[in-house]
Amino acid sequence: MACHHKTVTTAVDPSIDLADLDFWRRPLRERYEAFARLRQLEHPVFFPERKVPLLRSGKGFYALVRHADVVEASRNPKVFSSEPAVTNPEPPGWVKHVFGESMVNMDDPRHARLRRIVSRAFSPKMLSNLQGDIEAAAKRIVDDLIAEGPRDFVSQVAARLPITVICDMMGIPQELREKVHKHVDVSTAYTGIRPSLPRMLRMAGENVLALFSLQRMVIRLGRERSAAPGDDLVSKLVTANIDGERLSWRELGSFFALLLVAGNETARNTMAHGIKLLTDNPEQRELLLSDFDKYIGGAIEEMVRYVSPIMQFRRTVTQDYDLRGLHLKPGDKVVLFYGSANRDESVFPDPDRFDITRDPNPHVGFGGPGPHFCLGANLARQEIKTMFRELFTRLPGIRAVGEPELLLSNFDNSVRFQGITF
Ligand code: HEM
């Protein structure tokens, strides 16, 4: 019989509270152990949320921790809606008014229209045109790394490539790039954490200004390019496609902001955790280096599975629905825990083992199957492959040193610092 388990949390283990920031402070290994215990339970567990100043306090959410549950919710967008927002806790209402909305927080038909327009940017042809730029950027990064000497893999390598690639794609002129870098640093310093009120106000203020200024910049570019289109992405987005569709100025601004948020931290954290995984698993590293082209594809999928750079996204239930015996009602929230789904022992044998030859590897690191599956997945793969090829070709001895310094977040599995040597 269907049941509504709103009070099950304590029955699990009071120390496991996914709605509490303290949980996300714990070492990764402990968090994965907690998820393993949650996966054993018969039903998804409900976690009530506390009230947080300035943030709309959610009613709480059911944690989807099994692979099958994350897949089921992802492929059923009519029941599991991405509106009003997929981030958890929900952003304050004014954010939407100020910045417009991004497609990741929309359902069809609005989502489908935007995805149709912007997916041109990620076609195989566009990606193959970008390869030369990605290689040049990777080469510059390794040149500088050799000149400076090894210190921090994040700031010297991983943080540099994705942002450069996004700027190349959008055709952001060189003189504006420093501004983009600075603003992105500010806006990604705040991800899913709940700091003290004064700190939050200050960060929110900086964040708003940073995003606002970036959007203004890209909209100005859009106006210029629509008058004199070039071969870049901005030109393509502001001139009509074959269906006569184009982005409005506001949509262009929101899309650029989404790319910077979605495409930056994710790829960089995969690489930063990746170098550490290859160091901690010397036999996997040797195998990769024995035939880079043969093994790199599998190695990247395994890094994305193992790291799960985005740890969670949320959905809102639109109609009565039974999920594995749990009765969900309209308005209920579910949170998809990708990192847990990616360690589900019923899908991935020996899930804590990093194995670049894992096959099949149906991880949900890029999201589950469905309309919101990561638009940038192939671009991310291409960036990571090019960066590691350049690194291992020119610095075959490169290795991580010490433990990574992680950012406190319930959203990005983010590395702030990772020592290296070569
Ligand atoms: C390893 C790197 C990456 C990971 C792990 C990742 C992960 C994800 C995930 C989990 C989603 C699904 C959202 C959902 O179902 O609600 C997503 C969506 C998205 N990603 Fe990525 N991403 C990565 C790289 C990138 C890059 C490089 C870009 C672009 C430059 C990008 C752009 C997007 C966009 C635009 C969406 C929204 C798609 C939609 O709503 O239709 N991502 N990504």
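Whatever order the structure lists them in is the order used to number ligands and atoms, beginning at 1.
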### Residues Arg116 and Glu245 bridged, charged N to O under 4.0 Å
yes
### Query
What is the nearest protein non-hydrogen atom to atom 1 (C) of ligand 1, stated with its residue, atom name and distance?
Thr270 OG1, 3.3 Å
### Query
Should you measure from each heavy atom of Leu259, which atoms of ligand 1 turn up under 4.0 Å away?
29 (C), 30 (C)
### Query
Is the closest side-chain donor-acceptor distance between Thr386 and Glu135 under 3.5 Å?
no
### Task
Determine whether the side chain, the backbone, both or neither of Pro371 has a heavy atom under 4.0 Å from any heavy atom of ligand 1.
backbone
### Message
Is the contact between Val165 and ligand 1 made by the side chain, the backbone, both, or neither, using heavy atoms and a 4.0 Å cut-off?
### Response
neither
### Task
Give the contacting part of Met169 toward ligand 1: side chain, backbone, both or neither, where contact means a heavy-atom distance below 4.0 Å.
neither
### Query
Backbone or side chain, does any N or O of His111 fall under 3.5 Å from an N or O of ligand 1?
yes
### Message
Show the nearest heavy-atom pair for residues Asn410 and Met311, with the distance to one decimal.
### Response
C-CE, 3.6 Å
### Message
I'd like to know if Arg25 pairs up with Asp22 as an ion pair, taking the criterion as any Lys NZ or Arg NE/NH1/NH2 lying under 4.0 Å from an Asp or Glu carboxylate oxygen.
### Response
yes
### Message
Below the 3.5 angstrom mark, is there an N/O of Ser82, backbone or side chain, next to an N/O of ligand 1?
### Response
no
### Message
Heavy atoms only, cut-off 4.0 Å: how does Met103 contact ligand 1, side chain, backbone, both, or neither?
### Response
both
### Query
At the 4.0 Å heavy-atom cut-off, does Pro309 count as touching ligand 1?
yes
### Option whose closest heavy atom lies nearest to atom 15 (O) of ligand 1, chosen from Arg314, Arg315, Met170
Arg315
### Query
When only distance counts, is Glu383 in polar contact with ligand 1, meaning an N/O pair under 3.5 Å?
no
### Task
Considering the heavy atoms of Gly365, write down every atom of ligand 1 situated less than 4.0 Å from one of them.
5 (C), 7 (C), 10 (C)
### Message
Going by the closest heavy atom to atom 35 (C) of ligand 1, which one wins out of Leu260, Leu379, Leu258?
### Response
Leu258
### Task
Decide, yes or no, whether a salt bridge links Arg416 with Asp152 under the criterion of side-chain N to carboxylate O below 4.0 Å.
no
### Query
Can you list the protein N, O or S atoms less than 2.8 Å from atom 21 (Fe) of ligand 1?
Cys374 SG
### Message
Surrounding CG of Asp243 (heavy atoms of other residues, nucleotides or ligands, distance under 6.0 Å), is the total greater than 12?
### Response
yes
### Query
With respect to Tyr62, which candidate in Phe46, Phe80, Phe47 satisfies the ring pair (Phe, Tyr, Trp, His ring centres under 6.0 Å) definition?
Phe46
### Summary
To atom 40 (O) of ligand 1, the nearest of Arg381, Met106, Gln312, His372 on a heavy-atom basis is His372
### Message
Just by distance, no angles: are the side chains of Ser346 and His67 close enough, under 3.5 Å, to form a donor-acceptor pair?
### Response
no
### Message
If the threshold is 4.0 Å, N to carboxylate O, is there a salt bridge linking Glu403 and Lys276?
### Response
yes
### Query
Is Asp108 salt-bridged to Arg115, going by a charged N under 4.0 Å from an acidic O?
no
### Query
With distance as the sole criterion, is a donor-acceptor pair present between the side chains of Arg358 and Asn361 under 3.5 Å?
no
### Query
Is it the side chain (CB and beyond), the backbone, both or neither of Met303 that lies under 4.0 Å from ligand 1, heavy atoms counted?
neither
### Closest protein heavy atom to atom 38 (C) of ligand 1, given as residue, atom name and distance to 0.1 Å
Arg115 NH1, 3.4 Å
### Query
Does a side-chain heavy-atom distance below 4.5 Å link Ile134 with Met387?
no
### Contact summary for Ala137 and Leu161, nearest pair of heavy atoms
CB-CD1, 3.6 Å
### Message
Check the orientation of Phe392 and Phe388. Use parallel for under 30°, tilted for 30 to 60°, and perpendicular for over 60°.
### Response
parallel
